[in-house]
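See below for the structure under consideration.
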Amino acid sequence: MKTRLKQLSSWLLGIAAALLLLALSWVASNGRWADALPRPVSAELALRPVTVAPERNAFFDMQGLEAPDGVDINAVGRAELTGEREGGTWQRRWPQGELWQCKAGERDCVRLWLAHADELRRDLVPLAVVGERCEALARAEFFEERWTERPAQGPLSQVSVAALPFPRFAGLTSCMRWFGMRATLEPDVSRAMAELTRADRLGRRMLEGAHSLIGTMIGISLVQNNWLVAGDLLAARHADPALMEPLLAPLPASALNPRAWIPHEAWFGRAMLREMTDAVRPCAEGGEAGVEQGWLGRQWCRLGLGLLPEQSQQDSDAAWLRRLASVPAQGPVACEVLLSESWMQANHPSLAWRNTIARWTLESASGHWQAYVARQSDLELLRLTLLASLRHGSLPQGVTIEPGTDGLRLSACRARVEPRAPRALIRLPALAEAAAR
């Protein structure tokens, strides 16, 4: 019996020693001392420089769109993004409710607005000043997205990148809806289309000047929804469908390509990975969201075990470069490319011996990039489909039309990439439905 206990004890000690040796080996491979040497960022992932002077950039006007009367909204917008604006609420607010929350991608907003025309007219009266600002935005020569950079000094110098002032995009969406409402209430079709032409110019400027993923997706939504409102309006007025053709002019090839936003996402990812083990941001402050970590959590954060900042940044950049290798220099990406291995990620992230936690995090967060690229491709396919419906031509390759509860829907690239996503199908306007009959 004693012999067996000795043997069991020896085995247990051996197993414990092996586990300890394994743990020490993992620590040796995953501490700060094991991090990769710095490497310059690839030119393909370099941030696009902002070339427009701030005082001429309508992107800052958009930030100050709802500021009080009589102020320089560009100056207010710049102060908003640099953290220099004093606290307080904006004096102007867009109305709320069903009319102002209607999304043309989901329902026929023109029909809704016409049914509540009197209420809509009352809502528009107090919006004269902010409406003039929307018109000025539509006339602006320069519109280039600009994100806040952490300054070397001042109150924002010690906050994490994720906590820096975030650009305001909601006002631009409200401006586009304002143009659509004015067009709907305008009895003269030519003047109504002039309103939607101004909206189209504003949406295209936003899309062309976007540098980030969110800016690009909002630009896509603005342009797409304006097309749908125009198609619904012309159908409601029984107007000449050819009036819509000027809105369907070709989009800038660069705006339909993920190279427009990938450098910004890669930069933001590098900044976040670098700060996950930053002794000031966020380790010493209890984490990015301000949650108290406790002593053990702060020590783990400072040691950065399994989370090597430089190696993580290089791993993230390498993943982006693999995706970019399959992307054309200009124009939309073919849907077959987005279904390839470089874009479609495994359902379960794999374990890695070195940089374990960071690689797990990167693989877990990299799943749905292809759906965003598909939205860019689908915008062009929607444009071609609308043109085909106006000219009674053939549908573009890769597009099918499916019936829905609220009319016809376009099924294209995103529907293939995300077959179960409820918004993967695009609602076609009533004008296209009439042409299909």
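Below, each value reflects all heavy atoms present in this structure, side chains not excepted, and no hydrogens, waters or symmetry copies. Computed from a predicted structure; not experimentally measured.
Closest of all the heavy-atom pairs between Pro396 and Leu384 is CG-CB, 3.9 Å. Scanning all heavy atoms of the two residues, the minimum distance from Gly64 to Val76 falls at CA-CG1, 4.2 Å. Scanning both residues, Phe142 and Val52, for their nearest heavy atoms gives CB-CG1, 3.6 Å. Considering every non-hydrogen atom in both Ala46 and Pro263, the closest pair reads O-CB, 3.4 Å. Scanning all heavy atoms of the two residues, the minimum distance from Pro241 to Leu234 falls at O-CD1, 4.3 Å. The two residues Leu395 and Val399 make their nearest non-hydrogen contact at CD1-O, 4.0 Å.
For His264 and Trp147, the ring centers are positioned less than 6.0 Å apart.
A donor-acceptor pair is defined here as one N or O able to donate and one able to accept, closer than 3.5 Å; such a pair exists between the side chain of Asn226 and the backbone of Leu196. Using a distance-only test at 3.5 Å, with no hydrogens or angles considered, a donor-acceptor pair links the side chain of Arg177 to the main chain of Cys102. Listed for the Gln313 side chain is a donor-acceptor partner under 3.5 Å among the backbone atoms of Pro309. Asp61 places no side-chain N or O within donor-acceptor distance of the main-chain N or O of Gly77, the cut-off being under 3.5 Å. A distance-only check finds no donor-acceptor pair linking the side chain of Asp317 to the backbone of Val41 [under 3.5 Å]. For Arg133 (side chain) and Leu65 (main-chain N/O), a donor-acceptor pair under 3.5 Å exists by modelled atom type. A donor-acceptor pair under 3.5 Å links the side-chain atoms of Asp378 to the main chain of Cys413, judged by distance alone. Looking at Ser221, its side chain never comes within 3.5 Å of a backbone N or O of Met217 through a donor-acceptor pair. In terms of modelled atom types and a separation under 3.5 Å, the side chain of Gln330 and the main chain of Ser254 share a donor-acceptor contact. Using a distance-only test at 3.5 Å, with no hydrogens or angles considered, no donor-acceptor pair links the side chain of Thr184 to the main chain of Val110.
Using a 4.0 Å cut-off between a side-chain N of Lys or Arg and a carboxylate O of Asp or Glu, Arg416 and Glu336 qualify as a salt bridge. Checked for salt-bridge contact, Arg414 and Glu418 meet the test: a charged N lies under 4.0 Å from a carboxylate O. Between Glu245 and Arg391, at least one side-chain nitrogen of the basic residue sits less than 4.0 Å from a carboxylate oxygen of the acidic one, meeting the salt-bridge criterion. A salt bridge is absent between Glu310 and Arg39; no separation between the charged side-chain nitrogens and carboxylate oxygens falls under 4.0 Å. Between Glu106 and Arg427 no salt bridge is recorded (no basic side-chain N to carboxylate O distance below 4.0 Å). Salt-bridge formation is not detected for the pair Asp232/Arg111: no Lys NZ or Arg NE/NH1/NH2 atom is positioned less than 4.0 Å from an Asp or Glu carboxylate oxygen. The pair Arg182-Glu135 counts as a salt bridge, with a side-chain nitrogen and a carboxylate oxygen less than 4.0 angstrom apart.
Between the side chains of Trp94 and Gln96, not a single donor N or O lies within less than 3.5 Å of an accepting N or O. Counted by atom type alone, Ser174 and Trp100 present zero donor-acceptor pairs between their side chains at under 3.5 Å. If you check the side chains of Asp315 and Gln311, you find a donor sitting under 3.5 Å from an acceptor. Between the side chains of Glu145 and Ser212, at least one donor-acceptor pair of N or O atoms lies under 3.5 Å.
A perpendicular orientation is assigned to the rings of Trp261 and Tyr372, their planes being inclined by more than 60° (bins at 30° and 60°).
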Evaluate side-chain contact (heavy atoms from CB on, under 4.5 Å) for Leu45 paired with Trp267, printing each intermediate quantity in order. CA-CA 8 Å; Leu45 298 179; Trp267 163 80; over 6 Å; no

Show, in sequence, the C-alpha distance, side-chain angles and deciding distance for Asn74 and Arg78, and conclude whether the side-chain contact (heavy atoms from CB on, under 4.5 Å) test is met. CA-CA 6 Å; Asn74 182 279; Arg78 280 181 277 148; 2.7 Å; yes

Leu390 vs Leu248, side-chain contact (heavy atoms from CB on, under 4.5 Å): CA-CA, chis, key distance, verdict: CA-CA 11 Å; Leu390 297 180; Leu248 300 174; 3.8 Å; yes

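Val417 places none of its side-chain heavy atoms less than 4.5 Å from the side chain of His368. Within the 4.5 Å cutoff, no side-chain heavy atoms of Pro252 are placed close to those of Leu207. Between Arg409 and Leu428 there is no side-chain heavy-atom pair separated by less than 4.5 Å. In this structure, the side chains of Arg201 and Thr197 stay at 4.5 Å or more apart for every pair of heavy atoms. Residues Glu144 and Phe59 fail the side-chain proximity criterion, which asks for heavy atoms closer than 4.5 Å. A 4.5 Å side-chain heavy-atom check between Trp343 and Ser326 finds at least one atom pair inside the cut-off. The shortest distance between side-chain heavy atoms of Phe179 and Leu202 falls below 4.5 Å. Contact check for Ser42 versus Leu321: side-chain heavy atoms found under the 4.5 Å cut-off.
Taking a 6.0 Å sphere around CD of Gln397, one finds it holds 12 or fewer heavy atoms contributed by other residues, nucleotides or ligands. Taking a 6.0 Å sphere around CZ of Arg56, one finds it holds 12 or fewer heavy atoms contributed by other residues, nucleotides or ligands.
One finds the CE atom of Met176 at 11.0 Å from the CG atom of Leu137 (value rounded to the nearest 0.5 Å). Atom OG1 of Thr216 sits about 8.5 Å away from atom CD of Glu265, to the nearest 0.5 Å. Taking CG from Leu382 and CH2 from Trp227, the interatomic distance works out to 6.0 Å, rounded to the nearest 0.5 Å. One finds the CD atom of Gln376 at 12.0 Å from the CG atom of Leu381 (value rounded to the nearest 0.5 Å). Interatomic distance, Cys175 SG to Met206 CE, rounded to the nearest 0.5 Å: 12.0 Å. Put simply, CZ on Arg168 and CD on Glu80 are 5.5 Å apart, with the number rounded to the nearest 0.5 Å.
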